Student: 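This is the structure, below, for whatever I ask next.
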Amino acid sequence: MIHFVLGGAKSGKSRFAENQVMLYPAPWIYLATARCMDHEMQEKIAVHQKRRGQGWQTIEESINLADIINTNNVHSILVDCLTLWLTNLLMDNRNIKEETDKFLSALTTFHGNIIIVSNEVGQGIVPDNALARKFINEAGILHQKMAAIAHKFTMVVAGCPLNIKI
Amino acid sequence: MIHFVLGGAKSGKSRFAENQVMLYPAPWIYLATARCMDHEMQEKIAVHQKRRGQGWQTIEESINLADIINTNNVHSILVDCLTLWLTNLLMDNRNIKEETDKFLSALTTFHGNIIIVSNEVGQGIVPDNALARKFINEAGILHQKMAAIAHKFTMVVAGCPLNIKI
Amino acid sequence: MIHFVLGGAKSGKSRFAENQVMLYPAPWIYLATARCMDHEMQEKIAVHQKRRGQGWQTIEESINLADIINTNNVHSILVDCLTLWLTNLLMDNRNIKEETDKFLSALTTFHGNIIIVSNEVGQGIVPDNALARKFINEAGILHQKMAAIAHKFTMVVAGCPLNIKI
């Protein structure tokens, strides 16, 4: 079962997704895409880790999500989150289409339960900054592809779920 | 009854909330959190005031919302809006957690009908600016807490309600 | 039938709207409001044009939408999009209220099927930039008016429709 969870910054999307994964039997794999680059990010990661308790196994992988998904094909996985992963791909000058195709293809052959979290970034004013616009475009394309293959698609607003595709 | 109304900038959220309050018998208290700092804000306030008519009493309070709510415990109140209040708390270097706890606690012991308006700010690109990111974080935390205690939670999009929690 | 389709940047709103128009018999008029100003815009237009195939007639009009709508009163039209149109009105220093009134009035006397696409821009952080704030305000006012006269109003999120007014 593929469940795509989209929400704004600090919308409670990660917490919602954690609770969704924990509806399945442990162990649960937390697939963290974040690179711990600065103090702000460190703090954020620490808060999230502290909240998750027993039964969680954390795997940190900033690029090659498909491999982790393929080798844990029957487990319950939480991928947190796609926008940080996309940031990593852009910073490392990876081929976005190739990498996202590999990821999406791993999802379609997956036999466990996987919840994928991402950040809505496209509902504000279009930024001056060309790189930010590129990021919005790539995130939008990826989100559309994710929602298309997901069995369930939920938007999280202020911690509350809004089911868009059930 | 606590009704939380969230919407983007210029989404029609204040007008929607006014109409919701006016379903209850007058008088209605308009609890304005805005500080009238510049011409743009003055104009906005004037437009809102002109729209509200007979039956409305305006109370301006930019920090201590809990006191106003506690002393009007049985009335119908419209709080407009939380994001401006949060801006005031940040500008005055208040302890955000303490102040929001006081506010949320006043809400839970309130016996009238209260509609609380706030601005969705987290669905655009994450800004460069650390203060803007702090604001998005604090607004997100407050919105999650608000939605959790609200009996009803509505998102307003282009003037139309989207009920998320009923 | 007036159908208003709102979505963030790269949310799949144009593609969704195209499919909606194509539920009606051809020919379909694509009313493009974009001015082809730079390379980025040129590419975007080329991608959209390539996607649309047989049965589509493209009309480019960056200001006077009402005339095109009035002279094609019984056809199926896709207007893509209102935020680019608003940008043109602002750049040409047009009277926004007059122009949008003319447009809305053409819609209310229209006898065909018209799908109108626009960009949600108000759910991010409020920008520093006064012009961006003015744009958000004008877009918000226009979107509220559009949703009010539309028979159907759909938000598109990651390519999926969320019906707000049916």
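Owing to the predicted nature of the structure, the values given are computational and were not obtained by experimental measurement. Residue numbering restarts at 1 for every chain, and letters A, B, ... go by the order of the sequence lines.
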Student: Should the ring pair B:F16 and B:H3 be called parallel, tilted or perpendicular, given that the plane angle runs from 0 to 90° and is split at 30 and 60?
Tutor: perpendicular
Student: Specify which of A:M155, A:K10, A:R15 makes the most heavy-atom pairs with chain B at under 4.5 Å.
Tutor: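 Result: the option with the highest number of such pairs is A:K10.
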Student: For a quick test of reading the model, state the closest non-hydrogen atom pair linking A:A106 to A:N70 and the distance between them.
Tutor: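 That would be CB-OD1, 3.5 Å.
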Student: Just checking B:M91: does its CE atom have more than 12 heavy atoms from other residues, nucleotides or ligands closer to it than 6.0 angstrom?
Tutor: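 Count not over threshold, so no.
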Student: Go through the steps for B:D67 and B:N64 under the test side-chain hydrogen bond (donor to acceptor under 3.5 Å, both in side chains), then give the verdict.
Tutor: CA-CA 6 Å; B:D67 278 4; B:N64 207 335; 3.2 Å; yes
Student: At a 4.5 Å cut-off on heavy atoms, which part of B:E138 comes close to chain A: side chain, backbone, both, or neither?
Tutor: neither
Student: Are any of the side-chain heavy atoms of A:R52 and A:T58 separated by less than 4.5 Å?
Tutor: yes
Student: Just so I understand: if I count every heavy-atom pair under 4.5 Å between each of B:Q144, B:K145, B:M146, B:E120 and chain A, which residue has the most?
Tutor: B:Q144
Student: Could you tell me which portion of B:L162 (side chain, backbone, both or neither) has an atom closer than 4.5 angstrom to a non-hydrogen atom of chain A?
Tutor: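 Contact with chain A involves the side chain of B:L162 alone.
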Student: Go through the atoms of B:I136 and report whether side chain, backbone, both or neither lie under 4.5 Å from a heavy atom of chain A.
Tutor: both
